[in-house]
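Nothing fancy with the numbering, it's 1 onward along the sequence. Side chains are part of it too, since the values below use all heavy atoms of this structure and drop only hydrogens, waters and symmetry mates.
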Amino acid sequence: SNNLEMEKEAKNLIYKALKLRPYDLELLTSAFEISSSNKDLINLKSFVKEFIHKNPYEYSAIKILLLIDERLDNLEESYRFLNKIIDKSGIQNTSAVAALAYLESITDYVPRSYFNLKRDFIEYDLSNNFSKERLNILIDNIENNFDAFKDPEEQSLKGGDVRYLKKNINREVDAFFKELSPYIKEFISLLNQSTNPLVIPNFNQMHEGIWTISIKNEGNMLTHFHPRGIISGVIYLELEEGKGGEFILGCSPSNFKENGCSIKVQAKQLKLLLFPSYYFHKTLPYIGKKNRICLSFDFMTEEQKERNY
């Protein structure tokens, strides 16, 4: 009984604090963790929706909303609410679109506007485009010119490091990325001609973020999406093939049941993968002795760049 009284008191304190600071994400998270009854969840939901109205790009709050409606067996309401948020904030709100795409993948009561992997994913085999010698030179240039950050939280990485690249610093990196541009332009054209609601600007009107990921033995990428981008891609530079590390696209976000709709792509040297940034994805554990190195990138609109950087 003492524990119940303490929990009740803690809940009262958190909700009192929320009334004073309704836009405090940490408080919203704490409130969700201690909310056990439907009444608690319905009460909390009003705070979460108010937060999202004010901060429509904050995925952590959107995730809490989905978790609440999942427990209330009312995800259809989340779907309607998030569509209204996109109407207001714009289709470049990748966080809201990511949530909608996931909801489309697990339900049969909504049309699949955003979740269509057959339409939205493309891969290219560029193994004949680059020699092994050139790849080795590229990797050496990356490792010698850009700092490594071990397991950075924002990259959802476990067992590896990330190097954030910039253009106009290294000639080899610039030349390699430039040679990927025809494939990226083709993907943009195909997506814009498809039924996908995204409207992607001209290649030359967008900004790019580029980084490499080096995954060690038993390392992997955890489930994530790319909230800063509109389209994303990855190309494998070095790995031991057949040693795991497969790319999983279209999976469910963490803490949610698997949708059973994802695809598994074998990792292969100089395979280029392109997809909209809102798709959740991850990798399976890699068990090679040689590090699995890939170059990843986002393309973002002017609006996304101003909002995120």
Would you please name every residue forming a side-chain hydrogen bond (donor to acceptor under 3.5 Å, both in side chains) with [X], sequence neighbours left out?
X: T195; answer: R119
X: S95; answer: none
X: N217; answer: none
X: N196; answer: D120, Y278

Where the side chain of [X] meets the backbone of [Y], is there a donor-acceptor pair that is under 3.5 Å apart?
X: E104; Y: F115; result: yes
X: T212; Y: L295; result: no
X: N145; Y: N141; result: yes
X: N220; Y: L284; result: no
X: E208; Y: D298; result: no
X: N93; Y: S89; result: no
X: S105; Y: Y102; result: yes
X: Q304; Y: G229; result: yes
X: T29; Y: L25; result: yes

Are more than 12 heavy atoms from other residues, nucleotides or ligands located less than 6.0 Å from atom [atom1] of [X]?
X: N12; atom1: CG; result: yes
X: E258; atom1: CD; result: yes
X: R80; atom1: CZ; result: yes
X: K158; atom1: NZ; result: no
X: K54; atom1: NZ; result: no
X: E179; atom1: CD; result: yes
X: K11; atom1: NZ; result: yes

> Do L67 and F256 come close enough that some side-chain heavy atom pair is under 4.5 Å?
Replying inline: yes

> How about L75 and I106: do any of their side-chain heavy atoms sit closer than 4.5 Å?
Replying inline: yes

>> Walk me through whether L198 and Q92 qualify under side-chain contact (heavy atoms from CB on, under 4.5 Å).
In response: CA-CA 8 Å; L198 290 179; Q92 295 174 20; over 6 Å; no

> So H224 and H226, would you call those rings parallel, tilted or perpendicular, with 30° and 60° as cut-offs?
Replying inline: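 The arrangement is parallel - the two ring planes meet at less than 30°.
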
>> Test ring-ring contact (aromatic ring centres under 6.0 Å, His included) on F275 and F187; report intermediate values, then the result.
In response: CA-CA 8 Å; F275 51 94; F187 177 63; 8.1 Å; no

>> For a side-chain contact (heavy atoms from CB on, under 4.5 Å) check, start with the C-alpha distance between S254 and K63, then their side-chain angles and the critical distance, and finish with the verdict.
In response: CA-CA 10 Å; S254 57; K63 182 176 181 178; 3.0 Å; yes

> How many angstroms lie between CZ in R228 and NZ in K305, if you round to the nearest 0.5 Å?
Replying inline: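 Going from the CZ atom of R228 to the NZ atom of K305 covers 11.5 Å.
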
> Would F247 and H281 count as a ring-ring contact (aromatic ring centres under 6.0 Å, His included) if you check the C-alpha gap in whole Å, the side-chain angles of each, and the deciding distance to 0.1 Å?
Replying inline: CA-CA 7 Å; F247 183 83; H281 55 282; 5.4 Å; yes

>> According to ring pair (Phe, Tyr, Trp, His ring centres under 6.0 Å), does anything in residues 117-153 pair up with another residue at least two apart or in another chain? List the pairs.
In response: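 The answer is Y124-Y183, F130-F176, F149-Y164.
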
> Where do Y114 and Y279 land on the ring-ring contact (aromatic ring centres under 6.0 Å, His included) test, with the steps shown first?
Replying inline: CA-CA 9 Å; Y114 296 103; Y279 276 99; 9.4 Å; no

Please report, to 0.1 Å, the donor-acceptor pairs under 3.5 Å made by any side chain of residues 260-269, with sequence neighbours excluded.
from: K268; atom 1: NZ; to: D125; atom 2: OD2; distance (Å): 3.4
from: Q269; atom 1: NE2; to: L237; atom 2: O; distance (Å): 2.8

